[in-house]
Amino acid sequence: MAVSVHTPDAPEAIGPYSQAVDLGNLVFASGQIPIDPATGTMPEGIEAQTRQALTNAGNILKAAGTSLDKVVKTTVFLSDINNFAAMNGVYAEFFKEGHYPARSAVQVARIPKDALVEVEVIAEK
């Protein structure tokens with residue numbers, strides 16, 4: 001049975017959706033934009049925004065009883081594909097060689113709140 005996941009350590013959902021859904025053996029986290037849940041603000045720059053989005057995703061996974069170490073798939077949405085290399089540098093801080101999840105990274109027309117990046121993850125438990 002699917003169970004909604006919620007933590008105050010990640011931004012509240014902006015619409016009618018859950019921060020994540022726990023299916024027992026897999027956790028599907030909604031896309032995370034780089035809002036600091038403590039302040040409600042977004043850092044500037046692609047590196048800081050990537051770091052915050054991945055931190056938010058990690059906090060959601062922790063609330064669901066798993067972690068970024070168990071991520072099997074990510075999708076990265078960029079407002080500008082020219083930010084790919086800078087995003088990728090920060091991404092490598094969170095996902096280490098030997099456990100790289102499968103990933104898609106695409107440029108999109110616009111991300112909510114005019115963020116530069118949004119990251120969604122799927123993790124095993």
Side-chain angles (χ1 to χ4, degrees):
M1 179 167 91
V3 176
S4 293
V5 176
H6 177 266
T7 179
D9 296 326
E12 292 289 332
I14 297 172
Y17 59 90
S18 299
Q19 288 175 325
V21 174
D22 182 341
L23 287 180
N25 63 331
L26 290 174
V27 176
F28 294 81
S30 295
Q32 293 300 300
I33 60 174
I35 294 175
D36 181 331
T39 65
T41 62
M42 249 188 302
E44 292 193 27
I46 188 64
E47 291 93 349
Q49 287 198 12
T50 302
R51 192 168 285 108
Q52 184 65 58
L54 286 166
T55 297
N56 292 344
N59 289 340
I60 290 169
L61 294 177
K62 181 178 178 184
T66 188
S67 69
L68 288 171
D69 292 337
K70 300 245 182 186
V71 170
V72 296
K73 172 70 167 81
T74 66
T75 305
V76 178
F77 304 96
L78 295 163
S79 65
D80 183 346
I81 200 69
N82 291 314
N83 286 331
F84 180 86
M87 174 280 298
N88 206 44
V90 174
Y91 183 95
E93 296 172 13
F94 288 80
F95 300 105
K96 304 298 182 193
E97 190 170 348
H99 177 70
Y100 290 143
R103 180 179 76 184
S104 301
V106 297
Q107 178 175 310
V108 295
R110 196 166 181 197
I111 298 171
K113 306 271 187 189
D114 290 321
L116 301 175
V117 64
E118 179 174 354
V119 181
E120 66 180 28
V121 299
I122 301 169
E124 65 179 341
K125 285 185 78 177

Val117 vs Phe77, side chain to side chain contact (heavy atoms under 4.5 Å, CB included): CA-CA, chis, key distance, verdict: CA-CA 6 Å; Val117 64; Phe77 304 96; over 6 Å; no

Taking [Y] as the starting point, is it possible to reach [X] by hopping between hydrophobic residues whose side chains are less than 4.5 Å apart?
X: Ile111; Y: Tyr17; result: yes
X: Met87; Y: Val90; result: yes
X: Val108; Y: Ile81; result: no
X: Leu26; Y: Val121; result: no
X: Phe94; Y: Val27; result: yes

[X] [atom1] to [Y] [atom2] distance, which is reported to the nearest 0.5 Å:
X: Asn83; Y: Asn88; atom1: CG; atom2: CG; answer: 12.0 Å
X: Ile46; Y: Arg51; atom1: CD1; atom2: CZ; answer: 11.0 Å
X: Asp80; Y: Leu116; atom1: CG; atom2: CG; answer: 8.5 Å
X: Gln32; Y: Glu120; atom1: CD; atom2: CD; answer: 10.0 Å
X: Thr50; Y: Glu93; atom1: OG1; atom2: CD; answer: 9.5 Å

Would you say the side-chain atoms of [X] pair up with the backbone N or O of [Y], donor to acceptor, closer than 3.5 Å?
X: Asn56; Y: Pro11; answer: no
X: Ser30; Y: Ser18; answer: yes
X: His99; Y: Val71; answer: yes

Taking the side chain as everything from C-beta on, heavy atoms only, tell me whether [X] gets closer than 4.5 Å to [Y].
X: Leu54; Y: Phe95; value: yes
X: Phe84; Y: Gln107; value: no
X: Pro34; Y: Glu44; value: no
X: Ser104; Y: Lys73; value: yes

Cation over ring face, Arg103 and Tyr91, 6.0 Å, 45°: yes

For Thr7, which residues count as a side chain to side chain contact (heavy atoms under 4.5 Å, CB included) partner, sequence neighbours excluded? Asp9, Ala10, Gln19, Ile60, Ala63

For the pair Glu124 and Thr66, evaluate side chain to side chain contact (heavy atoms under 4.5 Å, CB included) and give the outcome as yes or no after the intermediate values. CA-CA 7 Å; Glu124 65 179 341; Thr66 188; 5.6 Å; no

The test is side chain to side chain contact (heavy atoms under 4.5 Å, CB included); show your working for Glu12 and His6 and say whether it passes. CA-CA 8 Å; Glu12 292 289 332; His6 177 266; 3.0 Å; yes

The complete set of salt bridge (Lys or Arg N to Asp or Glu O under 4.0 Å) pairs with one or both residues in residues 17-26, sequence neighbours excluded, reads Asp22-Lys125

Heavy atoms only: give me the nearest Pro43-Gln49 pair and the separation to one decimal. O-NE2, 3.0 Å

